[in-house]
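All heavy atoms count here, side chains included; hydrogens, waters and symmetry mates do not. Proteins get letters first, then strands, A, B, ... in listed order; numbering begins at 1 in each.
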There are 2 protein chains.
Amino acid sequence: MRSLKITLPQRNTRQRDVILQELCRLTSHPTATDLYDIVRRRLPRISLGTVYRNLDQLAEAGMIRRLEAGGGQARFDGNIEPHHHVRCIHCGRVGDVHDVPTLPGAGDVAAADGYEIISCRVEFLGVCPECREEPASGGGRDRVDRGGRMSRDG
Amino acid sequence: MRSLKITLPQRNTRQRDVILQELCRLTSHPTATDLYDIVRRRLPRISLGTVYRNLDQLAEAGMIRRLEAGGGQARFDGNIEPHHHVRCIHCGRVGDVHDVPTLPGAGDVAAADGYEIISCRVEFLGVCPECREEPASGGGRDRVDRGGRMSRDG
DNA sequence: GTTATTGCAAAGAATTTGCATAATC
DNA sequence: GATTATGCAAATTCTTTGCAATAAC
C-alpha cells in the first residue's frame with residue numbers, strides 16, 4: 001500500500017491565514033470564487049489562483065474539507081468534524097446533516113468488491129426551507145453560496 | 001412546491017439508442033469521453049456534444065444515473081437500481097456497493113436543517129483490489145474507466 | 001539571503017451552446 | 001413537410017500552471 005502524501009504548507013502567509021479564518025467563520029460551504037470575493041474584502045490584491053492553491057493545500061493537510069458537491073464547482077468546508085451534507089436541488093445551497101447511521105468506515109472492506117474503505121461521504125439531495133416556501137427564488141438570507149446548478153442526478 | 005420538470009427526449013435517434021445500450025452494457029461507470037470513444041466504434045461520426053446532450057437527457061428522464069463522483073469528470077451509470085459507489089483513490093475506478101444501511105429517504109425532513117430530502121447518494125473512498133496489490137499502477141483489467149484524479153477529500 | 005509563495009495571465013480540462021444540416025415523425 | 005436532434009466549432013466555466021516579483025524564515 002502506497003501511503004498518501006500529505007503536503008503541509010511550509011510558510012505561514014497572510015493569504016492562507018485569512019482564507020482559513022474566513023472559511024471557518026462560514027457555515028455556507030462556499031465555492032472557491034465565493035471565498036475569493038470574501039477574502040478580497042480584507043486582501044484586495046489576492047488572486048484567485050492563490051485561493052485555489054491554498055484551498056488545495058489546506059484540504060490536503062486535512063485542515064479543511066473539499067466537498068465536490070456534485071454539479072460543477074467544488075465547495076469547501078471549514079468544519080472537519082465528521083458530518084454529511086444536504087444540497088438544495090433548487091438553489092444549490094448546501095447544509096449540514098449530522099444524524100446519519102454509522103456506515104462502513106476506515107479499514108472495512110466492501111465484501112462484494114474487495115475495496116478497502118478509507119472514508120465515506122453522504123450527500124442528500126433535497127429542498128431547503130426557503131425553497132419549500134418560495135420555490136426556486138433563492139430566498140433572501142445573508143448567505144454567499146446561493147446559485148449553482150440544479151442536480152440532474154437520481 | 002415546484003414540481004421537477006422532466007424533459008423526455010421527443011424523438012428516437014440511433015445516437016441515443018447506442019449510447020444507452022453501451023452504457024447499460026458496462027458496469028464500469030464511464031465518463032462522457034469514455035463513452036464517446038466506445039460509441040464511436042459503432043457510430044464513427046457522432047460528436048462529443050451529442051454524447052453530452054443525450055447523457056443529460058437520459059439522466060433527466062431517469063433512465064440513467066449521473067454520478068459526479070467528485071474529482072472532475074462526471075461518470076454515468078446505466079444501472080438505476082438504488083445502490084451506492086466506491087471510488088478508488090489511486091486509480092479512480094468506481095465500483096458498486098449494495099449493502100449500506102437504510103438512510104433517510106424521500107419525504108423525510110432532516111430535522112436539524114429543515115431540508116426535505118428527496119434522495120441520497122453515498123460515495124465511499126477506498127482502494128480497489130488491484131491497487132491494494134500493485135499500488136497506483138491502474139492494474140490491467142479490461143475496463144474503460146481507469147485514470148481520473150485522485151481525491152483530496154477527507 | 002534563500003526559497004516558498006504570490007499575483008498575473010495564459011493554458012488546460014470538462015462541458016455547454018449556436019447554427020446550418022440531416023434525420024425523425 | 002415541420003421540427004427535433006445532430007455534427008461541428010466556438011464559447012463558457014472552473015481550475016491549474018509558468019514565471020517574475022515578493023515575502024517568510
Give the rounded distance in Å between these two atoms: [atom1] of [X] and [atom2] of [N].
| X | N | atom1 | atom2 | value |
| --- | --- | --- | --- | --- |
| A:Asp56 | C:dT5 | CG | C1' | 14 Å |
| A:Leu48 | C:dA10 | CG | P | 15 Å |
| A:Glu60 | D:dT16 | CD | C1' | 14 Å |
| A:Leu67 | D:dC14 | CG | C1' | 16 Å |
| B:Arg53 | C:dG18 | CZ | P | 11 Å |
| A:Gln10 | D:dC25 | CD | C1' | 11 Å |
| A:Gln73 | C:dT15 | CD | P | 14 Å |
| B:Arg75 | C:dA13 | CZ | C1' | 15 Å |

Heavy-atom side-chain contact between B:Val39 and B:Arg42 under 4.5 Å
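Contact flag for B:Val39/B:Arg42 side chains = no.
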
Non-hydrogen side-chain atoms of A:Ile38 and A:Leu26 separated by less than 4.5 Å:
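Side chain of A:Ile38 against side chain of A:Leu26, heavy atoms only: contact under 4.5 Å found.
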
Along DNA chain D (nearest heavy atom to each residue), the more 5'-positioned of B:Arg11 and B:Leu43
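The answer here is B:Arg11.
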
Which sits closer to the 5' end of DNA chain D, A:Arg14 or B:Ile46, going by the nucleotide each is nearest to?
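This one resolves to B:Ile46.
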
Angle between ring planes, B:His83 versus B:His29, binned at 30° and 60°: parallel, tilted or perpendicular?
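Correct class here is tilted.
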
In terms of the nearest nucleotide of DNA chain C, which residue is placed more toward the 5' end: B:Asn12 or B:Thr33?
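By nearest-heavy-atom nucleotide position, the 5'-most residue is B:Thr33.
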
Using the test salt bridge (charged side-chain N to carboxylate O under 4.0 Å, His left out), find all partners of B:Arg45 that sit at least two apart in sequence or belong to another chain.
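So B:Arg45 forms no salt bridge (charged side-chain N to carboxylate O under 4.0 Å, His left out) with any residue.
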
Does [X] have a side-chain nitrogen or oxygen under 4.0 Å from the phosphate oxygens OP1 or OP2 of [N]?
| X | N | value |
| --- | --- | --- |
| A:Tyr52 | D:dT15 | yes |
| B:Thr50 | D:dG7 | yes |
| B:Asn54 | D:dA5 | no |
| A:Arg16 | C:dA4 | no |
| B:Thr13 | D:dT6 | yes |

Candidate nucleotides D:dG7, D:dT15, D:dA5, ranked by approach to the side chain of B:Gln15 - the nearest
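Given the options D:dG7, D:dT15, D:dA5, the side chain of B:Gln15 is closest to D:dG7.
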
Looking at B:Asp37 and B:Arg40, does any basic side-chain N land under 4.0 Å from a carboxylate oxygen?
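The answer is yes: the pair qualifies as a salt bridge.
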
